[in-house]
Each structure stands twice: as structure tokens, then as C-alpha cells.
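Since this is a predicted model, take the numbers as computed values, not measurements. Every chain is numbered from 1 and lettered A, B, ... according to where its sequence line falls, protein lines coming before strand lines.
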Amino acid sequence: MATNRTDYEPAAIEPHWQQYWESQKTFRAPDDADKPKYYVLDMFPYPSGAGLHIGHPEGYTASDILARYKRARGFNVLHPMGWDAFGLPTEQYAIQTGTHPTVTNARNIENFRGQIKRLGFSYDWDREIDTTDPDYYRWTQWIFLQLFKRGLAYVDERPVWWCPELKTVLANEEVIDGRSERGNHPVERRNLRQWVLRITAYADRLLEDLKGLDWPDSTKRQQEAWIGRSEGAEIEFPIAGDTEESLRVYTTRPDTLFGATYMVIAPEHPAVNKIVTAENRDAVDAYVRKAAQKSDLERTDLAKEKTGVFTGAYAINPVNDQKIPVWVADYVLVSYGTGAIMAVPAHDDRDHEFATEFSIPILQVIENQDLPEAERADLPYTGPGVLINSGAFSGLPSDEAARRITGTLAERNLGRPSVQYRLRDWLFSRQRFWGEPFPIVWLPAQDYDKLDADLRPEEPVRYTADGREWYAAPIAESALPLTLPEVESYQPSGTGESPLANVKEWVDVWYNARTGQTVPATDPRPEGDHWLAARRETNTMPQWAGSCWYHLRYLDPRNQDHLVSPERFQYWGVPDYYIGGAEHAVLHLLYARFWHKFLYDLGVVTEPEPYKKLFHQGIILGEDGEKMSKSRGNVVNPDTIIEEHGADALRAYLMFLGPLEAMKPWKSQGIEGITRFLKKVWRELIDREGNRQSRITDAPETDTETLRLLHETIKKVGEDIEALRLNTAISQMMIFVNHLQKTDTFSLETGKTFVRLLAPFCPHLAEELWERLGETPSVCYAPWPEYDPARLETETVKVVFQVNGKYRGDAQVPKAADQDTVLAAAKDQPRVATHLDGKTIRKVIYVPGKILNIVASP
RNA sequence: GCCCGGAUGGCGGAAUGGUAGACGCUGCGGACUUAAAAUCCGUUCCUUGCAAAAGGGUGAGGGUUCGAGUCCCUCUCCGGGCACCA
């Protein structure tokens, strides 16, 4: 079965074993195995036209090593791969060339799959999934329907990020510094009707459950910051004069309420129009218009001066009945808190800047008495302290004052404790063709009344356009998947509508108000008055949708009745290890947690978190130390490396570069060292005729040093794999092979043990050697070697001698030697003696088996 | 501005508070060869020294300790995240 090559020729042995694994289905993960399960998940790739990037095999090799190791450890390992294939590049290619995205997608997947297979990863290809496959997105749509029914999906006309270049709206998470995350195009605000998912309903749980996750700290912190929980109070400020109006503000510092010398409301705040006085209206209107035109980049640019206008209105401070002016300023965001603030210039940097700019009084109400007298009046001061100028509350520490002021206001129904989140609801619709269609139709108001109760969401979802009200109604679950129609043009309209809106024969349907079934409007209307004329939703879902739950579909990829069957989930559960890039820290990883928690609430899964253990592989830079990019011409193509050095060498080298999580540059010369190592492994085991080396004996290993090093290597490689310290695992294997090279003879058992250690890293070579050493394939299921702790022990140990902390020699001493014996041995050494000469020993520190430090002074 | 992470030879990196530089790359010297490739051996932190050895050395400065790359404080630089969220 092994190849007949006499030399190490990866180009011959790698395809051979890849075919073997494929034909034998070596990595098929049975669902009914009588073994403990282990689920290793990779972040699945977007199959771009550019093919595999070197960053893909980095993470995938690490997970593959873990998967193969766990298999050898007796686990039934689930290690799947699939395609996150909806997305803009494929659609843009379709726009440019007219090629249907399905065609491009199939071609790209074909290419990716081939590249991945050439790397020898141990995926169970029977479980391959593709988010654009109707059998897959049927369940994405199904989950959406459940969200819809439970009131977690709604439409909202709201200012959203619109990217003129991409001709679509983007989520907050997809906008970085006023530019699109994908493509780096400028974005602007537009008011559009959008689907939104109520992720904020899960904010507290998403935050709370982070604590129990075994994730990189930085990623947890990023999610924590993104959710941005803050505790404070909402306070009611009545508007002065003949009006019932009042402004509600949110503040984290109710203790500074006496220092509020003005208020600010956001330009978009609905109260602006109601409170503005006649003489100020023109100026306010102009300001509001201007603010609306500003991009958020302009609005959030810290360097710029604060702007705002006075509304002419005054509000009453509920604690002291002071009249304070109400301003409109764009430094207050309508989308956070209540869209209005009480401004305390003495104790807030931003308010201080604004008050200084517009000559508004600044009143200190907090004093930090830990500061020297001279500095206590330095403003703004934003820390805690003791209240001053605050009526009955003066003299209280700020934290206690905050509680008492909130309590007093609550009694008068003018305030209450409040928790706010920075997290906004998730903007979930895109004006694109290449995405999951929403399983939703729109009905006019009068028809919505005819809708069966079972089809109605908890709260009606509706919007108004051209004076008519439209209501959302769900398509029957049994009618899923709702597939994408054929279209003639993929060009977005640019008006905020998807290309699907142009496909009349798809959009217009007869909708059954009892069952949710639809038939095309081009067909005759079916019998019965419960068949209503309806329009399909023409937006599609964002790319994140499919990846929110893919970890579940791998468990049961062909199930036609369930997203995942309870039995399959019962056995496989959620991934034990999830490996992927840190760039998804808040996007995919937050969305997926949200959907998974929702599925948990539905009872589809019985675990509240999808990814218990997460690891981010670091970025591999180009040889010049810069990020790889086509324009720099420093891109390393995995295919080229495989041709020159083989997949095993590429895998091992990627792991050997440095710590998996670190950002590190690629060096073409470095891979030579790995190639040399693999050739050396071959040569130590195989002679020139391709047979087992004659110096390998059948007898048990007798050389104690070989045995000790072998067991040390078993221990280190195993422990390092568990911790994904794969670079040092490879170092240890190199040390071992260097040792074998120096021995005259070693046993067959020693050789076979080493091959098993090498197998997760370089599986092709390991299979080949395994068979040539007389075993039958596959090495993948050969049990992982156990190390014998007794073999690691030596009779004597090396103790380092130090005088005053400096190395002055060492000696092998019996393990149980006591301090006096070792001290005597040390003193015997001339080098130690020299440094003790003329000195008195003040102290001796002896760490058995490690070190003997003699502290001596004249 | 705030919050993280990092800084070790010519390079990638290794080191439960216990000989800093494992392993690999590169360079240099040598062996084998007609020659080359491949392979093997030696050497490769700096200074002094023929050597033995001595001194210095993990971004900078201080501290804790018998002993610090590792722990603590201050600072510099680099990378990442957040950034008017009241």
C-alpha cells in the first residue's frame, strides 16, 4: 500500500495517502460510536476567487493536529469543513460579468476544496456544508421565522449606514471610522426601512455568560466593551413654561445633578420641534439640517470644536428647581440612552469643553478631598469625591449621594435607576441579490386582519410607505426554503432596493392567510378568500446569518426535518475547540452567541453557549514583515509551497514559525530547515533501497538515554498539542531525531513510537513510514503513546553551583543527596573554590535537583 | 485620550523565580565529491585572553529576592482594540 519510493518524495507520497484517506473514508465521524466525542471546529472560509490564503492553512493545520491527536487518544472526532459562501465579492463578480453567483460559487468552492485537500486535513467531507445551498439556508430562514414570531425581528425606518459604493446598508459592526469594513469605502447616513434583530434583548445574558467562556481575554474584553453595559439613572426634567413637555435624560452620575447648568438634546430628538421657541426656530432648524448631512466621521472627530444652538427653552432641575437652558448639539447621540443629557461641565470633559465654548456657567459640586488644597478646584474633575454646593446632599461621598438622589427622585416619580447598553439592535437586511431571502411577505392593513392567529408575530411588524400601511406575514415553514429567483441583472438599483425588487414574477404572490403558503401571482388566484395578494420582502440577509449556526448543522447536515436532531445534539453538542481569526471578535462571535442562545431558548439545543473554548491564530506577515497583499507582491501561495516542499513541510513549518497566536513573518528560507528535518526522519528509518534501516533492532529498546529522551518527547509533544504550543512540540521532535542520528542502533518500537508522535503534524510521511515499519494503515487510529514517568527519572541529577548567584560549575549528584554532600562536592571544584577563597560563607541555598547557591563575603 | 498585548543574538523564536539564547534559519570553517547538489562535522551574543577563564548582556531606569527575561514601580517604542455611549 505504501509507495515504492526510495527517497522522501512528498510529491509522490502525499497524493497517494490523500487518495487512500478519501477512498477509505478514514475521517468519517460515525454518529453512533461508542466513544467519547471531540468536536474541533474551524472558522469556515468564504470561498473567494483568489483561492486559499496562507492564513487559512495556519489555523486549519493547528486544528487538524488537535483533531488527529484526539483521534489517537481514542475520541470520536468531529472535524468538519464548509463554505460561508454568500457575500459581496461573488455578487460583484456577477454584476461585472453576468455570471450567476451559483456558477462562480461552485467553481470557487471546487478550487478551495482541492487546495484544502492537498494540505491533508482530516475533515469528514461527508458533512460538508454550503450556506448558499437551499437545503442549508432553509434552516437559516427557519431560525429567522422563529425570531420573527417571537418579536425579535422587526422593521424600523431609521438612519442607517449606507455605502454608495457597495450600494447597500451596513451594520454598525461593518463600519470602521466612517468607512466600510469590506472595501474601505466611505459610508453615509440614510433613512431606510430595515429589518432589525433585537439582540439587545439578550444583552445582559451575552455579557453575563462571557465570564464562563475559555476565550482569549482580549476577545472577551472586546465583546464586553461592545455590549457596553452602564448603570445610572434616568431623570425627568420638566420644560419651563406653559407646557406638559419634559425631557428625560440618562446619566451615570446622578450625584452631580446640582451641577447641571444646561441640557443638551440630540439634533434628531423628537422633542426638538416641540420645545424650540419661535425666535430660535430658524437657527435650530438650520443646525439640525446640517447635522443630518454630516457624516459620522465628521460628527465624531474629536479634534473638532463642539457645536450647538440654544433652543430658547428652559428645563427645571428637579432637585433645586433651577431653570437651565436646553441646547441642541450633535455631541449627544439620539441612539444612546434617552438622546438627551443633563450637562455638568464641572465634572464631564465634553460638557466642560462645550460650556467653555459657549460661556455657560460651570458649577463645581464634587470635591476630591484627597487632593492638595490648591488642586481641589481644578476642573473638569471626573472622579469620585464629596458633594459640595448640593443642598442637603452636600458632604456625602459621591457614590452614596448618587443612590440617595436617585431614591429621592424615584419617590417623586421624577427618576429611576437605569441600565443602558452601548449595544444596538442588529441591522439585519441588505439590498443585495446574493443572500438568504427573507421568508416574509407584505400585506396591506385590511388583509392583515384575515391572517390566521398562528401566523401572527407577538407584535405586528409594519411600516408605512406612500400613505399605506404594510404588515409583515411569515411564509409557512413547510414552504421553506424560499429560493432565490433567476434574474437578468444583478445590478443594485441604488435606491435602497435589492435587485430582487425588479423580479416581478417572484415578488408578487398569492398568499394563503391560513397556511402561509404562496403561489406566484402569475398563476391564477387559487379558490377561497383567504388567498391574498402580497409582495415578497426583497431584502436579503447579511453574510453573518449563515455562520450564526453552522456549528450545529455539521452535526446533522442532511436532516430534512430538523435543523439538528435532538439525538445528534445530545451526542455531539457544541464544539470543544474553536479555532479562527481574531478579526471576528465582535461580529461573527457575538451574532452566533445571540442566535445560539435563542435556539437554546427554543429548546433546539441544550447548551446556552456555542463556543466554549476559542483560540485565535495570529496573522502571518509577508517576508518583508508587512501584511500580505497583492499590491505589495508579498503574498505566499500555499500551492506553490506544496509543489516545492510538500504539504507536510508546509504544515510543520507554519506551526514552527512561532507561537500560534503570534503575528509572525513568513521566511522562505526557514522552510528548508523543516524539509531537512523530514528528510532526516526518513533517512533514520528507511535505507537507500526503501527498506527499514538495518540498524533498527527488533529487540526492546535498551539505550537508557534513548528511552529517557523518547519518553520526554512523548510527554512534551502531547502536552504541547493540548495547549497548541506546536512550535515547541516540533522542536522537541527535532531534538529527538538529532539524538537518533547519533545513536548506533535503536529499536523498531522506538521508531514506531516516534512516527505516531509525528503523525498529527506530518500525516502523509507518517502513514508512509508506519506501513514501511511493518504496520497496517492507518496510523491515524494507532493509539497515542503513553509516557512512563519512571523513564523520565534519572539516577543522578545535575546541580548547578553558584557563588553569590553566579554560575561557577555544576556536577551530577545522586538525586537524594543532602545539602552537605552537595556543598562538599561544590567546594571540591577549583572554580567554586577560587571564588570562595578568602571569604566567609554566610548562607547556602540548596534547591534539590536544581541549584546550590553559596552566599559568601569577605 | 482610555483599555489590552508585546520588546530576548544577524533573523524566527526557547526558557514552572534557578546555567539566557533550546530548536531552526543565516554566516563562517572543514569533511565527502573530478565538481556541484545532497549529506555530515565544527563554529556563530558582546568585550578581554593563546588558553583556562574573567567581565558584561533579555527596550531604558529603579525596586523586591540568595538568585529576575520571568515579580513590582516609572518611562520609551511597537502592535491591537475602543474612542463624544453622558
Problem - Within residues 619-629 of chain A: residues closer than 4.0 Å to RNA chain B (heavy atoms) - result: none
Exercise for the section: Assign His835(A) to base, sugar-phosphate, or nothing according to its heavy-atom contacts below 4.0 angstrom with the strands shown. Expected result: sugar-phosphate
Problem - Residue pairs fulfilling salt bridge (charged side-chain N to carboxylate O under 4.0 Å, His left out) with at least one residue in residues 718-730 of chain A, sequence neighbours excluded - result: Lys70(A)-Glu722(A), Lys715(A)-Glu719(A), Lys716(A)-Asp720(A), Asp720(A)-Arg725(A)
Problem - For Asn738(A), side chain to side chain donor-acceptor pair (under 3.5 Å) partners two or more places apart - result: Lys680(A)
Problem - By side chain to side chain donor-acceptor pair (under 3.5 Å) - contacts of Ser418(A) (at least two apart) - result: Glu234(A), Gln420(A)
Exercise for the section: Quick one: label Ile845(A) by what it contacts on the DNA or RNA (base, sugar-phosphate, nothing), any heavy atom closer than 4.0 Å. Expected result: base
Completion exercise
Residues passing the side chain to side chain donor-acceptor pair (under 3.5 Å) test with His739(A), sequence neighbours excluded, are Thr706(A)
Practice task
Could you check whether Val847(A) gets within reach of a base, just the sugar-phosphate, or nothing at all, counting any heavy atom under 4.0 Å?
Solution key: base
Practice task
Tell me what Ile341(A) touches on the nucleic acid: a base, only sugar-phosphate, or nothing, going by heavy atoms under 4.0 Å.
Solution key: base
Handout entry: Partner set under ring-ring contact (aromatic ring centres under 6.0 Å, His included) for Tyr250(A), not counting sequence neighbours
Key = none
Exercise for the section: Ignoring hydrogens and angles, state whether a donor on the side chain of Asp351(A) or Tyr331(A) is under 3.5 Å from an acceptor on the partner side chain. Expected result: yes
Exercise for the section: Check every strand shown and say whether Ser335(A) touches a base, only sugar-phosphate, or nothing at a heavy-atom separation below 4.0 Å. Expected result: nothing
Practice task
Give one of base, sugar-phosphate or nothing for Glu672(A), where a contact means two heavy atoms less than 4.0 Å apart.
Solution key: nothing
Practice task
Specify the residue among Gly673(A) and Asn804(A) whose closest nucleotide of RNA chain B lies further upstream toward the 5′ end.
Solution key: Gly673(A)
Practice task
In whole angstrom, give me the gap between the C1' atoms of rG63(B) and rC25(B).
Solution key: 39 Å
Exercise for the section: Using the P atoms only, state how far rC75(B) lies from rG80(B), rounded to an integer number of Å. Expected result: 23 Å
Exercise for the section: Just call it for Asn727(A): base, sugar-phosphate, or nothing, with non-hydrogen atoms closer than 4.0 Å on any strand. Expected result: sugar-phosphate
